[in-house]
A.B. asks: 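I am attaching a structure below and will ask some questions about it afterwards.
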Amino acid sequence: MAEQLYTYAVARIRSKELLLLSKSEIDQLLNCKSEKECLKLLSEKGWGKTGEEDSEEMLRVERDKIWNLMKELVEDISVFNMFLYTNDYHNLKAAIKQVYTDSKQDDIYITQGTVPVDVILNSVKEHNFSALPEHMQKSADEAYQVLLHTGDSQLCDVILDKAALETMLRKCKESKVELLAKYAELKVAAANINIAVRSNKTRKSRAFLERSIADCASLDKNKLISAALESLESIYQYLQFTDYADAVEAIKESSSAFERWCDNLIMKHIRPQKSNPFTISPLAAYILARENEIKTVRILLSGKRNEIDDGFIRERMRDMYV
Amino acid sequence: MDKFGIVFALLGAALAALGAGAGSARGVGLGGEAGSGLVTEDPAKFGKVLILQLLPGTQGIYGLLIAFITLSNIGVLGGSADFGIAKGLLYLAACLPMAIVGYVSAIAQAKASVASMGILAKRPDQFGKSMIFPAMVETYAILALLISMLSINGVAGLSI
């Protein structure tokens, strides 16, 4: 079948891109004196719904706007499921822990996912995961059993995080969209590097690393695990021979600097889509650009709320898509 | 067998109208899809969008013109249709540049038009420049039109 062109959708996205925050607008937000002032400025730029929301509500509204727009633009929204799997697995983690601790909180779930929260919660309560998609069933059961028998919530998280990454990578590769495949590969590699660095610092075992590091093409799992078991220097040395050699400096600086490096690299990869008039790639790029924008604004607002020094916040600002 | 000349000549005329017309239909359709997207977000751009959408429509007109000239020359629209198979094949060959280049250039031009709508979306003040890119594709449709037209007139004058 010929590749779908998404001509109408991409033309609408071209106009929507005009509303994305630019670097100068981020600077404007940085110059605001308080979180309230930032929210007012964002509201003037069309963020939020009523102009009366708090920061979390405003960001939630903005995220909903992305998905409502996509539902309008594409007939079958499942083409973007790869961006929602991490939400599903987050909800699964939250449901397993909620059932395990027998708590009643319901504000721990993310509304945007491919599986309704009720279905996930009921599956966990009944310990019957057949209602979940096939890719979730095995890992859900494994994570549930681990938490039930060992009480080790970190291991439960690790099992589900790995499953989420592997599912996302597989689905992105199956989509045959180069941009998505590249994005997923980078996300998985970044998560693996993070796990390797943290595991080294907390002296985790090989078994833990084997269980938590996902397979990906750009990193050799065995070499990374061996390096993580040795020293941080070994991890840096191994990375020098991979596509992530430039990341070493950022990793040495801090985990947030590395996260920023990854986000900026994703923006660099998706930026050429600004001039691509066809296919699903510009739509996917727009979703990633909006997510990046929301993440940047969240960091900025939280910095302003806690009266953190502007220089410190500025260091954490991501490169913008536009 | 000699009577087949008119069949080939008519086939040529039909192909010129078909190829160029089908290309234009696809092209204008593609431009319309992108145009709808743009106008949904900014209705004030309708006039400029319409111009970009219609650029790939010219090939259909050229195809019609070639088909019409051919029909006139071969006597289908009146007069005598008395020529041999060789002349009929020559008419068919004369129509092919317009049929093929018309189809291909209309689609290529539509893609350029859609891309130019991106310029219109982001930099409406650069509308003039945005029109140049798809307009360049028109050159090749005009060249094909010229060759088809000269060939048909040349073939008409041949005594074979």
A.B. asks: Any heavy-atom pair between the side chains of B:Leu30 and A:Leu5 that's under 4.5 Å?
C.D. replies: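 They are in side-chain contact.
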
A.B. asks: Can you list the residues that meet the salt bridge (charged side-chain N to carboxylate O under 4.0 Å, His left out) rule with A:Asp243, with sequence neighbours excluded?
C.D. replies: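 With neighbours one apart ignored, the set is empty.
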
A.B. asks: Assess whether atom CD of A:Glu178 is packed by more than 12 heavy atoms of other residues, nucleotides or ligands within 6.0 Å.
C.D. replies: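 At most 12 heavy atoms, drawn from other residues, nucleotides or ligands, come within 6.0 Å of this atom.
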
A.B. asks: Do you know which two heavy atoms are closest between B:Ala34 and A:Ala11, and how far apart they sit?
C.D. replies: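 Scanning both residues completely, I find the closest heavy atoms to be O-CB, 3.0 Å.
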
A.B. asks: Count the heavy atoms belonging to other residues, nucleotides or ligands that lie under 6.0 Å from CZ of B:Phe133, then report whether that count exceeds 12.
C.D. replies: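 Count not over threshold, so no.
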
A.B. asks: Are more than 12 heavy atoms, taken from residues, nucleotides or ligands other than A:Lys45, located less than 6.0 Å from that residue's NZ atom?
C.D. replies: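 More than 12 heavy atoms, drawn from other residues, nucleotides or ligands, come within 6.0 Å of this atom.
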
A.B. asks: Tabulate, with distances rounded to 0.1 Å, every donor-acceptor pair spanning chain B and chain A at under 3.5 Å.
C.D. replies:
{"unit_1": "A:Tyr8", "atom_1": "OH", "unit_2": "B:Thr40", "atom_2": "OG1", "d": "3.4"}
{"unit_1": "A:Arg12", "atom_1": "NE", "unit_2": "B:Glu41", "atom_2": "OE2", "d": "2.7"}
{"unit_1": "A:Arg12", "atom_1": "NH2", "unit_2": "B:Glu41", "atom_2": "OE2", "d": "2.9"}
{"unit_1": "A:Lys16", "atom_1": "NZ", "unit_2": "B:Glu41", "atom_2": "OE1", "d": "3.4"}
{"unit_1": "A:Glu17", "atom_1": "OE1", "unit_2": "B:Lys122", "atom_2": "NZ", "d": "2.4"}

